[in-house]
Chemist: 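Structure in structure tokens, see below.
Keep in mind that this is a model prediction, so the values were computed, not measured. Atoms within each ligand, like the ligands themselves, are counted from 1 in listed order.
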Amino acid sequence: MPSRPFSPTQNPNPAFKTRVLFLSIIISASVIFLIALLLFLVYLYYFLLNRAKTIPFDANPPLKLQKFTYKELKSATNVFNGANFIGKGGSGTVFRGILRDGKSVAVKKLDVELLQAEREFQNELEILGELRSPFVVTLLGYCVEKNMRFLVYEYMPNKSLQESLFGEGPHVSILNWDHRFDIILDIARALAFLHLECDPPVLHGDIKPSNVLLGLDYRAKVSDFGLSRVKTEGEFGVGLFSQELGQSQELSRNLEADFASSSSKINRVDCNGRTTNSNSRNYSVNMYDPKCCNQKGKKLFTVDIGGEDWNRFVPYDDEYSSIEHSKELSLNALSPPNEDPGANAKQWGKDWWWRQDGSGELCSKDYVTEWIGSQICPPRNPHWDEENRNSPLKSDLSMSSRYESPQYAELGLESSSKNIKSKKIKDVKNCNKKHMKMQEWWKKEHLEETKRKDNKLRKIEAKLKKRGFKIPHFDLGRKFRIHKNNAFVGKKQSEFDPNVEFSFRKGSKKKKKTSSAASEKWSGDLFSRELSSTTSMRGTVCYVAPEYGGCGHLLEKADIYSFGVLILVVISGRRPLHILSSPMTLEKANLISWCRNLAQTGNVLELVDEKLKGGYNKDQAVMCINVALMCLQKMPELRPDIGDIVKIFKGEMDLPSLPFEFSPSPSSKLFSRSKRRAKADVQ
Ligand SMILES: Nc1ncnc2c1ncn2[C@@H]1O[C@H](COP(=O)(O)OP(=O)(O)OP(=O)(O)O)[C@@H](O)[C@H]1O
């Protein structure tokens with residue numbers, strides 16, 4: 001039988017129909033399932049993203065803190081009105097607010113896009129939230145809503161020490177001496193509270209004027225715990241370089257060999273203070289023997305020049321001595337004749353900018369400090385050189401000149417001055433090249449962040465402008481921009497335009513014809529301001545301790561170093577780095593170097609703020625500067641403990657004798673002794 005052709009009107013096989021239906025159901029179900037899964041994953045992603053930021057605080061907020069709602073803070077600050085704007089920091093904007101109970105507060109709105117802000121938020125809650133002291137600003141509460149983060153502090157009517165010292169305008173009154181001394185004492189007490197009274201101790205990590213807030217009576221409180229950390233159990237107060245006993249002993253042996261070869265003598269001092277080798281010629285350095293002394297021992301340096309000993313008993317807070325540093329100190333202090341003075345000159349020339357580790361690895365800090373160092377490269381300034389030649393011990397910015405002084409000449413060091421001169425010429429050539437390289441590195445590294453911050457700042461500025469407000473100048477100094485230093489780079493001294501003043505932020509700009517003290521103060525301000533607020537690395541450039549900044553481990557002695565810088569800033573009313581176009585004042589560019597030089601010439605009071613002249617307590621000023629010098633010692637172990645500092649300030653303890661390198665007497669003694677000896681030899 002012939003088969004019938006298929007007709008479209010005919011009903012298909014019911015089994016086929018079922019199969020099609022089944023297939024379409026499966027397909028649509030899978031599509032729906034996939035879409036749902038996708039949506040779920042997107043939701044989960046955002047949920048986890050938000051939860052990661054909020055959970056630590058929501059789950060376990062510090063007990064003393066109040067949790068505010070966004071609504072509450074909005075009404076307290078009048079919807080973050082420009083009229084309530086106080087200032088802008090690296091991680092957020094601060095507004096004044098009045099709570100419903102009438103209490104004045106400072107509300108910090110954190111810039112959530114910044115990782116730094118997130119860290120600051122966590123740290124402030126976890127660390128500052130638990131602290132209560134009259135010398136530490138009180139964190140009252142916080143607010144976490146959606147992606148927003150707010151911190152609520154007690155309101156400090158006189159804002160920060162930074163603004164009191166460097167702010168402009170009629171509202172800024174000059175801090176008198178009593179205020180300044182009390183502020184220094186309050187900060188010391190705050191650090192004593194953090195280091196000694198807190199258990200476990202709290203290390204601040206960013207002591208600087210903008211993190212010191214002033215109350216109505218100008219009493220100071222330390223704020224900003226964004227970079228702080230709690231010391232963990234079992235940590236010693238030991239410097240990075242002095243952790244390995246074996247290494248120390250090895251270095252000790254090397255040092256012994258160094259000195260032996262330079263007709264110097266090393267005397268070992270045991271834990272009872274006995275010297276095991278007393279044979280001395282021209283130089284002898286007593287080294288602490290780490291093997292036999294327990295913690296909290298004393299390190300004894302005996303400097304024996306020409307048969308007379310200067311003993312230095314230094315508070316020592318760790319079992320192991322830092323031989324590396326001992327070496328540095330000893331060599332710098334004594335400079336045996338066969339040592340390479342060029343290397344020494346470099347180290348001292350850079351002063352506190354020196355590279356602290358011997359690893360050969362450069363960290364970000366090295367680049368920045370190196371770059372900053374290059375800005376005050378001494379060979380570019382003939383006046384500076386001239387000054388140094390006349391007064392060899394005046395500056396450690398150019399250590400080479402020390403070797404040209406008569407006393408060093410008599411010690412047989414003059415031969416090395418030729419090397420230094422040729423090195424200087426090389427340095428001048430390399431300086432511009434290096435400067436450019438570092439600029440490029442910095443630009444690349446920070447371009448993105450700078451752009452973002454720039455846009456934000458512009459928006460805020462525009463907003464405030466609309467409402468008729470202007471952001472105070474200091475707030476614009478957040479960004480660290482590198483501009484070509486037209487005033488210095490690639491120009492001879494003769495090519496300098498005296499009317500051009502240098503600003504690291506804006507490049508050079510025409511200076512007003514009148515050159516007043518104020519205009520002198522102004523030059524370099526922007527750069528210093530930017531430095532003092534640049535916390536993208538750990539700590540703030542200029543305030544950060546050398547062993548900590550960039551790659552180090554935060555310990556108490558890093559806070560002590562920053563405190564030392566801060567003391568000098570408070571007393572001098574100058575920023576730590578104060579670049580001036582005038583060649584005669586370059587000596588004062590680096591506050592710490594300048595202070596060390598003044599100490600060597602016995603003239604530390606020259607540092608005191610001119611605005612205070614005639615109206616300050618000389619004894620207190622000398623004491624503060626000497627304490628600062630002790631805090632600024634390169635070896636962390638040699639810096640005093642905060643407990644001792646407070647006692648010294650309160651007059652309960654005598655100031656220990658200044659380290660050898662800051663004391664004016666040894667150099668003059670050295671000079672006169674060697675001169676006498678030379679005369680005797682001639683006779
Ligand atoms: N509790 C407060 N009371 C009054 N003013 C405050 C208070 N906290 C901060 N300020 C003001 O707000 C400004 C910005 O503070 P913030 O802590 O955000 O930044 P900073 O410490 O200046 O800089 P950075 O965070 O980059 O170190 C300060 O300079 C200060 O004038």
Side-chain angles (χ1 to χ4, degrees), residues 73 76-77 80 82 84-99 103-112 114-121 123-124 128-129 131 134-142 149-169 171-172 187 190 204-228 449-450 453 456-457 460 471-480 528-544 562 566 569 575:
L73 297 184
T77 56
F80 300 97
N84 291 324
F85 173 85
I86 300 178
K88 179 149 177 63
S91 50
T93 315
V94 183
F95 294 87
R96 189 188 171 180
I98 297 173
L99 298 179
K103 193 174 189 172
S104 281
V105 289
V107 180
K108 190 188 267 189
K109 187 172 190 256
L110 288 155
D111 204 340
V112 282
L114 300 174
L115 205 70
Q116 187 188 332
E118 191 56 42
R119 184 186 164 171
E120 182 168 333
F121 186 67
N123 259 21
E124 294 277 270
L128 183 58
L131 304 176
F135 308 109
V136 173
V137 77
T138 309
L139 179 67
L140 300 168
Y142 67 101
R149 307 276 180 276
F150 298 90
L151 291 164
V152 182
Y153 302 91
E154 66 172 305
Y155 178 67
M156 301 291 283
N158 280 311
K159 295 189 175 183
S160 72
L161 178 59
Q162 174 87 1
E163 281 139 271
S164 288
L165 286 172
F166 309 116
E168 288 145 18
H171 63 283
V172 182
I187 302 165
H204 187 277
D206 199 16
I207 293 291
K208 58 176 176 177
S210 70
N211 289 339
V212 173
L213 298 175
L214 303 174
L216 207 54
D217 50 357
Y218 283 95
R219 295 315 293 252
K221 294 191 184 197
V222 167
S223 73
D224 202 339
F225 285 68
L227 295 177
S228 60
E449 198 184 337
T450 309
K453 279 189 178 177
K456 266 195 185 158
L457 207 72
I460 293 171
I471 299 183
H473 196 79
F474 52 84
D475 297 308
L476 297 172
R478 296 285 126 201
K479 298 157 286 173
F480 197 113
S528 305
R529 183 176 300 133
E530 284 165 23
L531 278 181
S532 67
S533 51
T534 302
T535 50
S536 51
M537 290 159 295
R538 288 187 290 168
T540 299
V541 180
C542 292
Y543 290 89
V544 72
S562 310
L566 194 137
V569 169
R575 294 188 168 85

Chemist: Check the pair Met156, Ile86 against side-chain contact (heavy atoms from CB on, under 4.5 Å), reporting the backbone distance first and the verdict last.
Modeler: CA-CA 10 Å; Met156 301 291 283; Ile86 300 178; over 6 Å; no
Chemist: Quick one: are Asp206 and His204 in side-chain contact, heavy atoms under 4.5 Å?
Modeler: yes
Chemist: Under 4.0 Å, heavy-atom basis, I'd like to know which part of Arg96 is in contact with ligand 1: side chain, backbone, both or neither.
Modeler: neither
Chemist: Please examine the side chains of Val569 and Leu161, heavy atoms only from C-beta on, and report whether any two atoms are closer than 4.5 Å.
Modeler: no
Chemist: Angle class for the Phe121/Tyr142 ring planes (parallel below 30°, perpendicular above 60°, tilted otherwise)?
Modeler: perpendicular
Chemist: Cut-off 3.5 Å, side chains only: do Ser210 and Gln162 have a donor facing an acceptor?
Modeler: no
Chemist: Can you list the atoms of ligand 1 that are under 4.0 Å from a heavy atom of Tyr153?
Modeler: 1 (N)
Chemist: Strictly under 4.0 Å, does any heavy atom of Gln162 approach an atom of ligand 1?
Modeler: no
Chemist: Between Tyr153 and Leu213, does a side-chain contact (heavy atoms from CB on, under 4.5 Å) hold up when you go through it step by step?
Modeler: CA-CA 11 Å; Tyr153 302 91; Leu213 298 175; over 6 Å; no
Chemist: Drop me the distance from Leu128's CG to Leu139's CG, to the nearest 0.5 angstrom.
Modeler: 5.0 Å
Chemist: Judged on heavy-atom distance to atom 11 (C) of ligand 1, which of Asn158, Ile86, Leu161 sits nearest?
Modeler: Ile86
Chemist: Enumerate the atoms of ligand 1 whose separation from the nearest heavy atom of Lys208 is less than 4.0 angstrom.
Modeler: 27 (O)
Chemist: Please could you name the atoms of ligand 1 that Leu213 approaches to less than 4.0 Å, counting only its heavy atoms?
Modeler: 1 (N), 2 (C), 7 (C), 8 (N)
Chemist: Can you check side-chain contact (heavy atoms from CB on, under 4.5 Å) on Phe95 and Leu73, steps first, answer last?
Modeler: CA-CA 10 Å; Phe95 294 87; Leu73 297 184; over 6 Å; no
Chemist: Below a 4.0 angstrom heavy-atom separation, can you tell me which part of Ala106, side chain or backbone, both or neither, approaches ligand 1?
Modeler: side chain
Chemist: Are any of the N/O atoms in Val137 less than 3.5 Å from those in ligand 1?
Modeler: no
Chemist: What atoms in ligand 1 come closer than 4.0 Å to a heavy atom of Gly90?
Modeler: 23 (O), 24 (P), 25 (O), 26 (O)
Chemist: Any N or O of Glu154 that comes nearer than 3.5 Å to an N or O of ligand 1?
Modeler: yes
Chemist: Which atoms of ligand 1 sit under 4.0 Å from any heavy atom of Asn211?
Modeler: 21 (O), 27 (O)
Chemist: Ser91 to ligand 1: N or O pair under 3.5 Å?
Modeler: no
Chemist: Specify side chain, backbone, both or neither for Thr93, according to which of its non-hydrogen atoms lie closer than 4.0 Å to ligand 1.
Modeler: neither
Chemist: Between ligand 1 and Glu120, is the shortest N or O to N or O distance under 3.5 Å?
Modeler: no
Chemist: What's the shortest heavy-atom distance between Leu227 and Arg119, and which atoms?
Modeler: O-NH2, 3.9 Å
Chemist: Using a 4.0 Å cutoff against the non-hydrogen atoms of Lys108, which atoms of ligand 1 qualify?
Modeler: 16 (P), 17 (O), 18 (O)
Chemist: Rounded to the nearest 0.5 Å, what separates atom CG in Asn211 from atom CD1 in Ile187?
Modeler: 10.5 Å
